[in-house]
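Everything on this sheet refers to the single structure shown next.
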Amino acid sequence: METQFEVVIGLEIHIQLQTKSKAFSSDSIEYGALPNTQVSPISLGHPGTLPMHNRAAIDNAIKMGLALNCDIREVNRYSRKNYFYADLPKGYQITQFDTPLCDNGAVQIKLGDGTIKEIRLTRIHMEEDTGKSMHDQDLYDTLVDYNRAGTALIEVVTEPDVKSGEEAYAFVTEIRRLVRYLDICDGNMEEGSLRCDANISIMPKGSKVFGTKVEVKNMNSISNVKRAIDFEIARQTEVLTGGGIIQGETRGFNGLNGSTFSLRKKEAINDYRYFPEPDLPPTIVTKEYIAQVKSGMPELPATLFNRFTNEYGLSDYDASVLVDDKHSALYFEKVVGISPKYKQACNWISGPIRGYLNENALSMDEFTLTPGQIAEIIELIESNKISHTAATQQLFPALTKQTDASPMSLVESLGLANITDTSFIDEIVQKVLSEFPEKVAEYKAGKVGLMGLFVGEVMKRSQGKADPKTANSLVKQALENI
Ligand code: ADP
Ligand code: MG
């Protein structure tokens, strides 16, 4: 839709860090525990309690900063953001105000037409999560579960570089992929371990002054982030086109009808009262410390992509399909570590394996065949012991039902081996040629393309088991002798 407006979007992503305990206490953060069972006096901020730093949380935050090419701050101070809300038992949230752990940095996103765009980051800071208010569990009251209160979070804030729902979709997808590679968060938006707020405004094309922004929250999937933004752009366009003005406000998203709705109007300026957290010493992140964290980081998708294309000779397409999912990339690495048939291993993962997983609603980390078994199948095909068709259509499905069997033993017990016995194949060849005398004559007259027909017929009659190379040479020989 062509409009006279330009879209401006900045995203704020909250990422729950996968630590054993909370950001400033030893309370467990295990998901799904009974409400209010993981809450110590520290999480409640009772008098006399002292928060303590969680090293794993800091390490995870640094990893994210490094992955996004941020500048990592050396002296990190903490602040209390004071506000009253039922899910905030202490009455304040410990966060970083003027000394975020990371500045700058950027995320590369790939758009639908293949172009790469860079979304600049403003900051990444560490903070703690709030508890959870539940409005739908009781008929009359809102219930509060404080288990989540104090869980370590990082918040990634972008510059207003995002221009559409599609770009936001690509951005959140990339963030989710990175946290999964880094193993710092499960990236699950449905359960809220990854949350995205979108700040959206529009302004007349060519304007230098941003319009009033609306913040949309509560989108529990990446596609809902896109839907909410698309809706909001259309809504704001309609308001402005009709001569109205945009209210600065926070809106929620209704996934059932794809619309946003007002939650609360924003007063002129946020009146959070930040003040320095007196109970926590600053976290000092030295160059040496950063180097140590860096040495424990896994290879990231961009590095894997380069290796898969440059060293293994995979196409850009193949490599990007593999690195899209961490578990597929790691599985691929293991298969080619055993049998370096790169293209074949890739085809198995994006073909039969993915098909099987989709049919059974499984993800790659739930796949039960070992890389060794897949490597063995590839070798059986390469060495002509079994045809590709028999491998994909019979051996592989059988193996998924008998995961502890070796591929070779199944080839034997199911009788899938290629037949290389020349006298057996030759018998079929003679039969085929005698049944197609006109075709043989045409072949003799120069129509050499008929070769495929003869070989195909032989393969069919051997139920796909004749070794194709042997069949080919026997047909050729027989034709010469006629
Ligand atoms: P606030 O003080 O309301 O939290 P910030 O300046 O901290 O706002 O920005 C929060 C997010 O909103 C950032 O991602 C920023 O890029 C984005 N943002 C700021 N102004 C606008 C605007 N006019 N339109 C869209 N996004 C904006
Ligand atoms: Mg802000």
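We count ligands from 1, going down the list as the structure has it; atoms in each ligand are counted the same way. All values below were derived from every heavy atom in this structure, side-chain atoms included, with hydrogens, water molecules and symmetry-related copies excluded. Numbering of residues begins at 1 and proceeds along the displayed sequence.
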Look at [X] together with [Y] and state whether they make a salt bridge at an N to O cut-off of under 4.0 Å.
| X | Y | answer |
| --- | --- | --- |
| K81 | E127 | no |
| K341 | E379 | yes |
| R235 | E249 | yes |
| D279 | R80 | yes |
| R195 | D129 | yes |
| D230 | K226 | yes |

Enumerate the atoms of ligand 1 whose separation from the nearest heavy atom of [X] is less than 4.0 angstrom.
| X | value |
| --- | --- |
| V8 | 24 (N), 25 (C) |
| F210 | 22 (C), 23 (N) |
| E159 | 16 (O) |
| P160 | 16 (O) |
| V157 | 13 (C), 14 (O) |

Taking both backbone and side-chain atoms of [X], is any N or O found less than 3.5 Å from an N or O belonging to ligand 1?
| X | value |
| --- | --- |
| I200 | no |
| T212 | no |
| K213 | yes |
| G211 | yes |

Inset, instruction - Answer yes if the side chains of D59 and Y289 hold a donor-acceptor pair under 3.5 Å, and no otherwise. - result: yes
Inset, instruction - Determine whether the side chain, the backbone, both or neither of E215 has a heavy atom under 4.0 Å from any heavy atom of ligand 1. - result: neither
Inset, instruction - Name the option, out of N199, I13, L11, I9, that contains the heavy atom nearest to atom 12 (O) of ligand 1. - result: N199
Legend entry - Crowding at CD, E191 (>12 non-hydrogen neighbours, <6.0 Å): yes
